[in-house]
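In what follows, every chain begins at residue 1, and chains take the letters A, B, ... in the order their sequences are listed.
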Amino acid sequence: MPAQDVRELRIVGFLCNWCSYGGADTAGVGRFTQPTDLRIIRVPCSGRIDPLFIVRALMNGADGVLVSGCHPRDCHYAEGNFYARRRLEMLKRFLPITGIDERRFEYTWVSASEGQRWQHVVTEFTRRIHELGPAPSFNPKSDVDWNALAVKASQGQGCPCHGSIQA
Amino acid sequence: MEKFITKDNLYRLAEELAATCRVLAPVADCGTVTFRRFQPGMVLDLHSRMAAVSPKAATFPQTETLLVVKREIPEKKPEIIETLPEGKNVVLGCRPCGARGKLIFDPVYETDKIKDPYYLQRRRNTVFISLACDRPETTCFCHSVGSGPADPSGSDVLLTLVGEGYVARSVTPEGEEIMKLALFSDAGDKGKEADAKNAKAREMMGEAHDYASAPAKLLARFDDMDFWLAQSAKCISCGACTYMCPTCYCFNITDDDLGLSSQRIRTWDNCMSHTFTLEGSGHNPRSTKAHRLKNRVGHKFSYYPDLHKGVIACCGCGRCIKQCPTGVDIRQIVKAAQEYAE
Amino acid sequence: MSQLDDLKTAIKSRLGELECVIGWEQGYDPLHATPLFIRSEADLDRLIIGPLAVHNLATYLTGWKGKKVGVVVKGCDSRSVIELMNEKLVSRDDVVIFGLCCDGVVSQRKIRAALPADPGFVESVEIGADSLKVTVAGQAATLRLADVQADKCLVCDTPDAIVSDFLIGKAHTPAPAPSLKCQDEFEAKSDAEKFAFWQETMGRCIRCYACRNACPMCVCRDYCIATSRDPLWVSQENLPSENMMFQMIHVSHLAGRCTECGECERACPVDIPLMLLRRYMNKQVRDVFKHEAGKALDQTPPLLTFKVEEERINERGW
Amino acid sequence: MRIGVFICHCGSNIAGTVDCPSVAATALTYPDVVFSTDTMYACSEPGQDAIIQAVKDKNLDGVVVASCTPRMHEQTFRRAVERAGLNRYMFEMANIREHVSWIGKTKDLNTGKAAELVRMAVEKLRRNRPLVAKRFETVKRVLVIGGGVAGIQAALDCADGGQEVVLVEREQSIGGKMAKLDKTFPTVDCSSCVLGPKMVDIAQHPNITLYTCSEVESVGGYVGNFQVTVRRKSTYVDWTKCTGCGLCVEKCPSRKHPDPFNENLCNAPSINIPFPQAIPKKAAINASSCLMLTKGKCGLCAKVCPVKCIDFEQKDELVNVDVGAIVVATGYDLFDWHKYPQYGEGRYKDVITSMQYERLLSASGPTGGHIKRPSDGKEPKNVVFIQCVGSRDKSVDRPYCSGFCCMYTAKQAILTKDHIPDSQSYVFYMDIRSPGKMYDEFTRRAMEEYGAQYVRGRVAMIYPKGDKLVVRGADTLAGTQVEVPADLVVLAVGAESAKGAVQLGEKLRVAPDQYGFFVESHPKLKPVETNTAGVFLAGACQGPKDIPASVGQGSAAASKVLGLLSKAMLESDPAVSRVNPARCVGCGKCIQTCPFGAIKEIQDRFGNPKAEVIDTVCQGCGICTVTCPQGAIQLEHFTDNQILAEVNALCPPKMFANFE
């Protein structure tokens, strides 16, 4: 896997305890080799995953966030992933306006028995993130970066709504 | 000292100062005017209007890291690094009211007992080159709080626009230092023109309102919640007024625990917010916006003056009125209290 | 009788039974209106309506919970009232709605851009049928209302109050523009440009929470997770990332609830174009759930429910 | 806080690709970690003792173990820290085996990852708080759904164990599929002779209440305290009076509707007792064919009934029962073979199912035990059996093996020879699946002693020729086409999930798999448990099973129930949602989204609406926590702060001292 040959990137995973976390275990038991970038946070249900956790991770500089839950209809709590599906879909569709590449966030469904599928998901997502490369930091790293932005702004660039006002 | 500096030279002055210090100057920024750290190439907006945000960030930044804690191994004590502000700052092109704001801070941050090292260091290392106003905005009332459109107090250099340049007058030795630069030329008789301009601006402001009775009258309304409910009806208890205010000096201290390291930061606080007086028990002595507005107005026009030789804790810049999403007008509230028929 | 007179008559007829009626009056200068809380008929004289009456007064309703009040609403504002009712945050029985047929309101920003000098120096304003005569710093300027209308009015399809006890004025047949130029332009930008834009504007944000508190749907107010220590979502540090984090909290909590009244953007003291985010989220909600908050009574916000089969969400294949 | 960290080698399972000592060393630099070590097998007895010892020596108040998946050993270690005197929730686990050592190739990357997973666990643990389980009483009563052999076994075992049992059966009599069988393999003993006595026991057992012609209407509550509503469908006969004399059955003039018990091979009277050994032995009226109920005239049964128990006005009755546990034994149904064009889709009378054949063989069946083919009542000489009809066939979405068809086909071939000595049986099969005691020997006897001809291949088509049916198929061993003239064709139809299983699953919150069979908690270690506490599975509702397996599971489920109800009090998982009334604005959004109705609205002392969680009902999914905009309702052990702490541990927020 090319992902392993280069520097690791920061990929955060949110997995529901009953299906996907078990699926990741199954993949482990099956010794299905995967890139190591992903770090998994275990939650009881995909319905517990607040889209804002994902935003928080991205704001903190995560290069990718992967969410996985039970397949729709298979939720241990009957309805959790139905709510999750709506919340996560909204977040994914919203990201573009912020300038954060929506491909850095993905959500999927993996059952406890789908070890191979999990291996596939992790491998594919990790490859994708490595193609995208490290995520830009939302906080400009240095004064220099700040200044460049500020100068641009002072010249009235960037903002569509108020652009006219600078004139 | 009185000198003259052309508009172009003022920009050069900014460039020159920026080489050695942090220069804050008003910048038209996507529809608003804010103080930004000056960079060569930056377009300044000195005249169109008063900056939306006050220049107080120069001496009292919204966020200030007080100390950083680094942890190596548990046996070794965590290392605590105090982070005192470094470097010199210049505020260029603020209005006299903005520069004057810090005069309200001083008696609070430097007393016989308490001296705030962070504030004092910034205060010491910051020079205000302010620009006299040539006409008042509808929300201006500096003349009613013991100041005026060309009030030098609080500034180090006061500029007055005359023709294609400014008449510069030094107010402090620090200001005088700067004015020694070659960019300043002899003012000739432009001084008179400047005086005339400033006089005209003052005249345009009309008669000043007399706040002399405010402290007592506000105190008299202290327990009159109906009064404050009515006054605060339209307030949405956000922080626009306090954060824009050049004289609001309240702060909050929080720790950001990041596990392996952590920081203690001081940030602007906002007395209009529920959390301002929220106690650990969950009890809140100022549970409603009426309580909070009472405190804000009372503090500026009654409690502070009582503590500090009658000085009103307001510089009359009018930002709290102009920037209020619902147009709460502090002048009206104080007036209502003053004119309240017992 | 004029629309204003009709409104006054309507309010008179109900004022007796109400704690107060929330309307508008002239503010600190001729160009700015401010909310008016009518408690007696005497207050009625100060009541104004028209292009300067911008505030969405629905914002105050939750603050009067348990008391019976009246509120004057434009079409857009009425959507907020409806959404509040749909979420059982306000009871229909507690509110008397004085609905207006609205001809649109101004954007103070556009006025500022159009005037020869800053509106801070305004001296007088004359409101004509379709124009605004403003004298500022000694110079008079006539602005076409159409040119300085708030963005929301350009795309407004509900100029007349949707739900009301009194509907005042003559009904419109709205002809909204399909979309806003500024929105389309911004969405067309590259990720890098948008990212840089938000970095810069969020660097300007002072987190005064005016956007939040002006929002009629932000009902947490004092208990917003952006200002709490437990849970601790956002650092108090005024960093772009933290400021953006707060905006993301606002957007995600409004997903499917935002009535696009534009108060957040109007309230922002440093003119951050927050509606870019709101409109975009609302578009996604429309596309996926065919839902528009506050357009009808008895709707459930889409994120508070689900369908076993989601027509417009494709299952995540890999 | 004082945290101890234990990095498990798991022999070489982890240590093979993770540098455990260095992970332990790194952990020492983490906040609040005062002790850190690596250990060979943390879960072993010495391993656990070491943890307990460390807690005491270093007076730790929290423990992190980095080893295998928490799904394996979280409970083990929680008990260990409890033995050490800590609260069981002051423990966190980092999964460095399944999620690290077993999937990552490079040792240094694995080691780094392991260290970070430990870091996350530490940060979460720092925000854990002791949680104490709520104890609550249980109803000492069991509901068994389904009166087939599995349900019967479960009911009897529970009743013998001293628990009250409510047995609900959809049909008029208990007995299920087994009651229809003639003989059973591999012993070829009489089915009703072995089942009959058990059925009688059900009827007579003092602890068992039997509701037949009944279905579960709704299920509420939670383990130990389920509220169940049972719908008793009207039989138009007052069973408290009916003696089962059968007079009405003899006299009933309306005999036009097919008899389901006899697989529709013959008709049944409109008032009927399905079979002689029926339990309860009571008559019931078929409303759809009864002349009185359809046309309003007749009523003969009412006239002849000696005890006057006929009641044409009778209505359905809803019965509420509180139970502490539920056993689901709803069995299976037979595949509808008409989906196959090659078998004539029902055009040929003499193509029948294996279950119909059982009835033909049965002495209590329509033919009194004499094999007569449906078309002309002739005794068949050539009988062709076709296996895997609706088994192991993706094309009809039945890819699974039904398990018992091979065996009952062999049995039926043997019985055919017994009934008609000069007959010849042919069996088309794919493979012979005969694991189990005496099973393979049994199929061999069918071939060797009873001369059944086994043809390995699928049947392509069946077509009529004279009064015979020609079965054309492939003989894949001989590699030839074969055509067998048959007097009777018997289809070994496979099993599929019982009708209504999915709907019942929804009521019980037990997920069915894609074929409608209920999913067990763990395929190996929890075969009769479900993911819903207090609900257990028995028999073919979990997947096709033969009689011994079903009976075995019936007993297994019963033992689980007895174990559960033997506890005086049950403990609820304390990791449930909690409302902070100070933050709650009473908007009710959480109430709206809770799938379990576990949140109710209350009023605080000022009369403000607030949300409140019912601990014992809350299942701990956390949907409410995400729904609540104020974060006023937090799922214990998975609070916002805890998850955020994990996020921040992975991606530390940038600290950037800004001036502007």
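Ring planes of C:Y280 and A:F94: tilted class, angle from 30 to 60°. In this structure, C:F306 and A:F82 have parallel ring planes: the angle between them is below the 30° cut-off, well short of the 60° mark.
Contacts of C:A255 with chain A are absent, with no heavy-atom separation under 4.5 Å from either backbone or side chain. Contact of C:E310 with chain A is made through backbone and side chain together, with heavy-atom distances under 4.5 Å. Neither the backbone nor the side chain of C:M275 comes within less than 4.5 Å of any heavy atom of chain A. Residue A:P72 touches chain C through its side chain alone, counting heavy-atom pairs closer than 4.5 Å. Interface residue A:D50: only side-chain heavy atoms are found under 4.5 Å from chain C. For C:K283, no part lies near chain A; criterion is any non-hydrogen pair under 4.5 Å.
Going from atom OG1 of A:T98 over to atom CD of C:Q247 covers 12.5 Å, rounded to the nearest 0.5 Å. Atom CG of residue A:N60 and atom CE of residue C:M245 lie 8.0 Å apart, to the nearest 0.5 angstrom. Note that OG of C:S252 and CD1 of A:I54 are 10.5 Å apart. Values are rounded to the nearest 0.5 Å.
Scanning all heavy atoms of the two residues, the minimum distance from C:F195 to A:I100 falls at CE1-CG1, 4.0 Å. Across all non-hydrogen atoms, the minimal contact from C:D191 to A:D101 is OD2-CA, 3.7 Å. Contact detail for A:Y107 and C:I313: the closest heavy-atom pair is OH-CG2, 3.5 Å. Taking all atoms of both residues into account, the shortest heavy-atom contact from C:W233 to A:R56 is O-NH1, 2.7 Å. A:M90 and C:Q284 get closest at one heavy-atom pair: CE-O, 3.8 Å.
Between C:Q199 and A:N139, the closest side-chain pair of non-hydrogen atoms is not below 4.5 Å. Residues A:R93 and C:D287 are in side-chain contact: their nearest non-hydrogen atoms beyond the backbone lie under 4.5 Å apart.
Interface remark: of the candidates C:T305, C:V285, C:L180, C:T305 forms the most heavy-atom pairs closer than 4.5 Å to chain A. Chain C forms more heavy-atom pairs under 4.5 Å with one residue of A:H71, A:R85, A:R87 than with any other, namely A:R85.
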